Amino acid sequence: MSKRNNLVVYNTLSREKEKFVPVNDPFVGMYVCGPTVYSDVHLGNARTFVSFDLIYRYLLHLGYKVRYVRNITDAGHLEGDRDEGDDKFSKKAKLEKLEPMEIVQRYTLGFHEVLRQFNTLPPSIEPTATGHICEQIEMIKTIIENGYAYEVNGTVYFDVNKFSKEYDYTILTNRKLEDLFENTRELSGQDEKKGRLDFALWIKAKPEHLMRWPSPWSWGFPGWHIECSAMSSKYLGDYFDIHGGGMDLAATHHTNEIAQAQAFCRTQPAKYWMHTNMLTVNGTRMSKSAGNGFLPQELFSGEHPLLNKGYSPMTVRFFMLQAHYRSTLDFSNDALEAAERGFKRLLNAISLLDKIIPSENAEPLDLKEREEKCYAAMDDDFNSPLLIAELFEFVRLINTIHDGKEAINKEDFDELKELMNVFVYSVLGLKDDSIAADDNVEDLMKIIINIRDEAKKNKNYAASDRIREELNAIGIQLKDSRDETLWNKI
Ligand code: AMP
Ligand code: ZN
């Protein structure tokens with residue numbers, strides 16, 4: 001039986017776990033809403049992209065041919081959710097005296113660098129909103145022709161009232177339309193829109209607005225939601241498999257995307273809607289506006305008032321993967337320290353594999369059963385914490401074999417090595433980023449040990465002790481024997 005047949009995913013749309021059956025097996029189209037590149041990504045944003053990296057990696061591992069589209073929002077994102085406030089790019093550009101596209105370039109590069117450090121795989125296509133203005137205009141034209149949008153003074157609004165007469169506007173979140181209506185600000189005399197839930201598809205640019213394009217309605221710019229509808233349908237078709245993003249996007253951005261797609265071509269765009277939960281700090285969602293955002297760099301260097309020390313990118317990735325993508329994950333020093341210890345144990349077990357010599361007559365182990373458990377964990381809606389718990393069973397086994405308390409035959413040994421490689425490196429996307437994994441470290445250590453030997457020869461024991469202690473503090477232990485000094489990771 002193919003490994004592909006057992007995957008079950010939680011669908012926000014049905015609020016249930018469903019068997020994963022792609023629209024066009026073995027091809028899978030996956031669209032994930034990318035970052036708005038007017039500022040640095042914080043650790044919360046990174047968590048969402050690491051979660052989708054896990055999903056992408058596992059789908060690839062199962063043999064699906066995935067087209068993973070993750071956009072870059074580089075226009076059309078106003079400060080308020082309801083088409084109010086300044087355009088974030090123009091505001092930042094004026095503040096920093098830069099071109100809006102310089103802002104876009106700077107933060108796109110920063111975003112790529114963060115995701116590289118977290119060892120995420122690049123998407124198949126990374127389209128930008130500004131690169132797809134024509135597609136957005138064409139889509140808006142059709143929505144107007146179909147009767148679900150109207151123009152007022154050069155701005156085009158989606159008509160939620162009209163749409164709701166035929167479709168379920170709140171299908172994704174199951175909220176009551178009346179409640180939503182009650183909780184939305186009343187229209188004032190200055191409002192152009194007809195209904196309070198209506199949202200902009202195209203916005204006429206004010207004179208001071210920097211980013212603007214010509215359209216049949218005005219010189220202006222697209223609303224935020226239409227970019228994802230236009231780019232997902234262009235690259236994945238009108239009905240594709242997975243549409244994802246953080247949970248905070250479901251209520252407005254994804255709700256509006258579904259409405260736009262139905263108004264455009266009568267079909268709901270994606271079969272499975274997947275949402276990742278939030279990274280929190282002391283229980284509050286990490287966000288740019290709340291001002292509680294950590295930059296990944298601050299976490300790596302430890303230069304932040306809330307941190308005791310720095311953590312390597314792979315330790316942070318491991319920390320993230322220890323929580324299920326649909327659970328909140330609260331940031332704390334203690335949790336990171338625990339993750340660091342756990343990750344070291346895992347890596348240490350893998351390095352012990354190089355020292356184990358299989359024995360010919362060892363009884364077979366129950367590795368097939370354990371392998372099945374690893375697959376069962378990931379098949380159950382990408383349950384990475386459960387997979388990690390299973391991997392620690394392997395860690396225990398490796399340690400027991402290394403200590404000589406159990407033996408392993410060659411066939412099982414090869415299998416065990418392969419399983420660790422597959423699940424730790426390919427599926428979880430981890431790698432050894434400790435200093436000892438760096439190619440230069442062997443050479444550097446030779447240099448340090450030679451300098452220390454010279455210090456000892458010159459009876460400068462203070463210097464030689466200091467070198468040993470400082471290496472110890474960064475996790476490197478020196479072992480002096482009669483002929484030479486050896487080193488290892490602690
Ligand atoms: P933005 O750049 O604000 O558009 O956000 C990019 C992605 O990060 C979106 O999918 C958001 O839902 C997600 N996101 C924002 N804040 C958090 C958080 N605290 N934890 C996890 N994901 C988040
Ligand atoms: Zn989007």
Side-chain angles (χ1 to χ4, degrees), residues 12 30-55 69-81 88-89 92 103-104 107-108 110-112 114-115 118 120 123 126-129 132 136 139 172 199 222-236 240 242-261 269-270 273-296 299 316 319-321 323-331:
T12 313
M30 175 161 97
Y31 187 92
V32 172
C33 291
T36 310
V37 286
Y38 72 99
S39 65
D40 289 309
V41 282
H42 58 64
L43 200 66
N45 304 131
R47 180 191 183 200
T48 282
F49 301 118
V50 166
S51 297
F52 281 104
D53 185 59
L54 172 78
I55 291 168
V69 182
R70 189 184 64 210
N71 70 299
I72 294 277
T73 296
D74 58 352
H77 201 143
L78 298 183
E79 284 182 309
D81 250 359
K88 290 172 171 170
F89 296 94
K92 189 79 179 237
I103 299 287
V104 166
Y107 294 111
T108 303
F111 168 65
H112 286 160
V114 166
L115 289 200
F118 281 123
T120 63
E126 194 171 46
T128 61
H132 295 77
Q136 296 177 70
M139 192 172 235
L172 189 61
F199 57 91
W224 171 31
H225 318 300
I226 196 75
E227 73 177 72
C228 289
S229 294
M231 292 188 276
S232 62
S233 77
K234 172 162 178 167
Y235 296 112
L236 300 173
F240 55 92
I242 298 174
H243 194 313
M247 258 178 198
D248 56 319
L249 299 185
T252 306
H253 183 53
H254 291 163
T255 291
N256 290 346
E257 266 191 61
I258 293 179
Q260 289 167 162
W273 283 84
M274 299 183 70
H275 291 99
T276 54
N277 213 328
M278 298 290 109
L279 184 81
T280 55
V281 186
N282 297 325
T284 308
R285 180 190 149 197
M286 185 178 281
S287 77
K288 285 168 198 166
S289 49
N292 63 353
F294 277 86
L295 297 185
L299 197 56
V316 182
F319 162 71
M320 290 175 178
L321 295 174
H324 188 261
Y325 79 87
R326 282 192 294 114
S327 310
T328 53
L329 172 61
D330 200 46
F331 174 89

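Order of listing sets the numbers, starting from 1, for every ligand and every atom in it. All values derive from a computational prediction rather than experimental measurement.
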List every atom of ligand 1 that sits less than 4.0 Å from any heavy atom of G246, numbering the atoms from 1 in the order shown and giving each element. 10 (O), 12 (O)

Side chain or backbone, does F49 bring an N or O within less than 3.5 Å of an N or O on ligand 1? no

Please list, in number order, the atoms of ligand 1 under 4.0 Å from a heavy atom of D248. 11 (C), 12 (O)

Run the contact test for T276 against ligand 1 with a 4.0 Å cut-off on heavy atoms, strictly below, and give the result. no

Measure the shortest side-chain to side-chain distance between I103 and V37 over non-hydrogen atoms and say whether it is less than 4.5 angstrom. no

Check side-chain hydrogen bond (donor to acceptor under 3.5 Å, both in side chains) between T48 and all other residues, then give those that pass, not counting sequence neighbours. T276

Would you say that Y107 contacts T36 through its side chain, given a criterion of any heavy-atom pair below 4.5 Å between the two side chains? no

Could an N or O of ligand 1 be found under 3.5 Å from any N or O of M278, whether backbone or side chain? no

Under 3.5 Å, N or O to N or O, is W224 touching ligand 1 that way? no

Could an N or O of ligand 1 be found under 3.5 Å from any N or O of G44, whether backbone or side chain? yes

Is there a side-chain contact between L43 and M286 (heavy atoms, below 4.5 Å)? yes

Under 4.0 Å from any heavy atom of T48, which atoms of ligand 1 are there? 10 (O), 13 (C), 21 (C), 22 (N), 23 (C)

Is the shortest N/O to N/O distance between M286 and ligand 1 below 3.5 Å? yes

Pair F111 + F49: ring centers closer than 6.0 Å: yes

Does the side chain of N277 reach to within under 4.5 Å of the side chain of R47, using non-hydrogen atoms? yes

Mark the output for N277 as yes if a heavy-atom distance to ligand 1 is under 4.0 Å, and as no if none is. yes

Heavy-atom pair with the smallest gap, counting every atom of H132 and P127: CE1-CB, 3.4 Å

Only counting residues at least two apart or in another chain, list the ones meeting side-chain hydrogen bond (donor to acceptor under 3.5 Å, both in side chains) with N292. none

Not counting sequence neighbours, list each pair that qualifies as a ring pair (Phe, Tyr, Trp, His ring centres under 6.0 Å) and has a residue in residues 274-295. H254-H275, F294-H304, F294-F331

Validate the cation-pi geometry between R70 and F52: distance from NZ or CZ to the six-membered ring centre under 6.0 Å, angle to the ring axis within 45°. no

Note, P296 side chain near F118 side chain (heavy atom, < 4.5 Å): yes

N, O or S atoms of the protein lying under 2.8 Å from the Zn ion (ligand 2): C33 SG, C228 SG, H253 NE2

Heteroatom proximity flag, N45 to ligand 1, N/O under 3.5 Å: yes

